There are 2 protein chains.
Amino acid sequence: MTPAAPQPDTKTRILDAAARLFHEQGFNATGVSTILREANINPGSLYNLFPSKDALLGAVLERYTELLYPVVMKPVEDKTADPIDRVFALLQQYRDWFSPLEFRLGCPIGNLALEVADSHPEIRPLIQRNFDGWSAFVEKWLIEAGDRLPKQLDRKQLAATVLTVMEGGLMQARSSRSAAAYDASVAQLRTYFDLLLSQAQSERGSGERASRSSGG
Amino acid sequence: MTPAAPQPDTKTRILDAAARLFHEQGFNATGVSTILREANINPGSLYNLFPSKDALLGAVLERYTELLYPVVMKPVEDKTADPIDRVFALLQQYRDWFSPLEFRLGCPIGNLALEVADSHPEIRPLIQRNFDGWSAFVEKWLIEAGDRLPKQLDRKQLAATVLTVMEGGLMQARSSRSAAAYDASVAQLRTYFDLLLSQAQSERGSGERASRSSGG
DNA sequence: TCAAACGTTGAGTGAACATTCAATCAGAAG
DNA sequence: CTTCTGATTGAATGTTCACTCAACGTTTGA
């Protein structure tokens, strides 16, 4: 007989259940009693650890920040070496996570962004920090791409656009229960990148001719 | 003494209040009692016209569909004649609507898309229809642009991308209370369009030389 | 003038909500 | 074994939720 796996500690069980339920149902639509049932704890335990449901949401968002690298970015960086390919590997990974569920769920952070950004002043900065983390990684990759992208291209702007494509595409995918709009947006972004890459290539070409004495 | 403006009829007052409150606070966070107070009616009147809060949400979304052309698209078409400029006039109009409020509110349809798309099966198609309407207008403009855009460019894909930029950019704008990410995404889209326009121009150039005997 | 039809009134319904707290428990320290 | 400490228990709190319905007005048509 297999020994029962030791149950994770109370705090972890609460955070796991809350994160999953907030993602599946939204924050306002998730009752504390449901979290208690799914985490298999009693109300006193929750309120011993978290002063309120809002504070629990804050803790969930802080955990998303902590998990950003190990869960989201590291798999992409491990699987894909080329910095520009990484951008599209990230977009593909997101598609692979949500397409099996027919896009019934959205981005856990994006969902919360639209639901509580305005009503919970202390939560909004935590959402912003998550988005900042995401686009910081993409920006890092774009900077690593060096002169493969046009010199005057604003890497930060383009990184924000990659995040825009993820979130805007996923929103439409959820609404239509279809990958079409997400795939369309990613395909257009790919075309844009290809145009930028070839533009940079011709920049480099003429630049080499103009400065070939400096070596390289 | 100015005569009191005649109060709009019950149904209109309910729909106005509900649309405003759903937009400002979200669907789940808006109590029916708040709608009643703001519309200045009693619960019986609401439930005489709408069988449930969900049905009221459906009616609000149907009105959004009806108002899409007169409120959103007609102003853009009236002010701007060039089909490609219209795309960016639409994006600018959306920015002008939400920047005075420091992006405290998001897209009324996008907000609902992420809040209720999964939990309300009968509502999701109404959200989808709204998005379809938006991107159909953009696609129409892109088709009107004719050979100013590359021949092989998928107009439907690009139209979906324009919507993606609106929604994804606005989501980030809400999270950061700043236009930066929205403006960044629009700027990148503008650069993409410029690259497509010049690509189409060289297509036309070589095309003319190859078939100048056919006239035009 | 009257009655049928229809919209409106608003107190009232039970259920679900987030939260509380005195009691109880398990484990560590002496 | 006793005492202390901190986590856990779970019934109970008051509030808010979406919604109901018998009573009441007002309009309509003959």
Side-chain angles (χ1 to χ4, degrees), chain A residues 4-61 111-112 115-116 118-123 126, chain B residues 4-63 111-112 115-116 118-123 126:
Chain A
Q7 213 175 196
D9 74 353
T10 309
K11 194 164 191 168
T12 305
R13 292 209 315 280
I14 295 175
L15 285 172
D16 284 349
R20 203 188 71 246
L21 290 164
F22 291 164
H23 185 200
E24 289 172 359
Q25 317 185 358
F27 176 72
N28 286 307
T30 298
V32 171
S33 62
T34 310
I35 299 171
L36 300 173
R37 181 171 9 94
E38 301 276 301
N40 201 30
I41 50 149
N42 296 95
S45 286
L46 193 155
Y47 284 93
N48 178 49
L49 290 163
F50 305 98
S52 69
K53 189 188 173 191
D54 287 3
L56 173 57
L57 173 61
V60 166
L61 280 164
N111 293 354
L112 292 170
E115 190 177 0
V116 305
D118 183 48
S119 57
H120 292 65
E122 75 287 3
I123 296 293
L126 300 175
Chain B
Q7 214 173 192
D9 73 353
T10 309
K11 195 164 191 169
T12 305
R13 293 210 314 280
I14 295 175
L15 286 172
D16 284 349
R20 203 187 72 245
L21 290 164
F22 291 163
H23 185 201
E24 289 172 358
Q25 317 185 357
F27 176 72
N28 287 308
T30 298
V32 172
S33 62
T34 309
I35 299 171
L36 300 173
R37 183 172 4 96
E38 302 276 302
N40 201 30
I41 50 146
N42 297 96
S45 285
L46 192 155
Y47 285 94
N48 178 50
L49 291 164
F50 305 98
S52 68
K53 189 189 172 190
D54 287 4
L56 174 56
L57 173 60
V60 166
L61 279 164
E62 271 167 16
R63 221 166 62 128
N111 294 354
L112 292 170
E115 190 177 0
V116 305
D118 182 49
S119 56
H120 291 66
E122 76 286 4
I123 295 295
L126 300 175

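In what follows, every chain begins at residue 1, and chains take the letters A, B, ... in the order their sequences are listed. Just so we're clear, the structure is a prediction, and the values are computed from it rather than from any experiment.
Considering only residues two or more places apart in sequence or on other chains, B/Asn40 meets the side chain to side chain donor-acceptor pair (under 3.5 Å) condition with none of them. Judged as a side chain to side chain donor-acceptor pair (under 3.5 Å), and not counting sequence neighbours, A/Asn48 has no contacts. Contacts of B/Tyr47 classified as side-chain contact (heavy atoms from CB on, under 4.5 Å), with partners at least two apart in sequence or in another chain: B/Val32. Under the side chain to side chain donor-acceptor pair (under 3.5 Å) criterion, B/Glu62 pairs with no residue at all, not counting sequence neighbours. When the ring-ring contact (aromatic ring centres under 6.0 Å, His included) test is applied to A/Phe22, the partners found at least two apart in sequence or on another chain are A/Phe27. In terms of the side-chain contact (heavy atoms from CB on, under 4.5 Å) criterion, residue partners of B/Ser119 (sequence neighbours excluded) are, by chain and number, B/Val116.
DNA chain C lies under 4.0 Å from no heavy atom of any residue of residues 13-29 of chain B. Within residues 40-47 of chain A, the residues approached by DNA chain C to less than 4.0 Å at the level of any non-hydrogen atom are A/Pro43, A/Gly44, A/Tyr47, in residue-number order.
First and last contacts of DNA chain D with chain A, using any nucleotide atom under 4.0 Å from a protein heavy atom and ordered 5' to 3', fall at D/dA7 to D/dA11. Along DNA chain C, read 5' to 3', the first and last nucleotides having any atom under 4.0 Å from a heavy atom of chain A are C/dC17 to C/dC21.
Summarising the geometry, atom CG belonging to B/Leu126 is positioned 11.5 Å from atom NE2 belonging to B/His120; distances are rounded to the nearest 0.5 Å. Rounded to the nearest 0.5 angstrom, A/Leu46 CG and A/Lys11 NZ are separated by 11.0 Å.
Residue pairs meeting the salt bridge (Lys or Arg N to Asp or Glu O under 4.0 Å) criterion with at least one member in residues 39-48 of chain B: none, sequence neighbours excluded. For residues 27-38 of chain B, every residue pair satisfying the side chain to side chain donor-acceptor pair (under 3.5 Å) rule, not counting sequence neighbours, is listed here: B/Arg20-B/Glu38, B/Asn28-B/Glu115.
A/Asp118 has its side chain out of reach of B/Glu24: every pair of non-hydrogen atoms, C-beta onward, lies at least 4.5 Å apart. A 4.5 Å side-chain heavy-atom check between B/Leu56 and B/Leu15 finds at least one atom pair inside the cut-off.
Using a 4.0 Å heavy-atom distance criterion, A/Thr34 is classed as making no nucleic acid contact.
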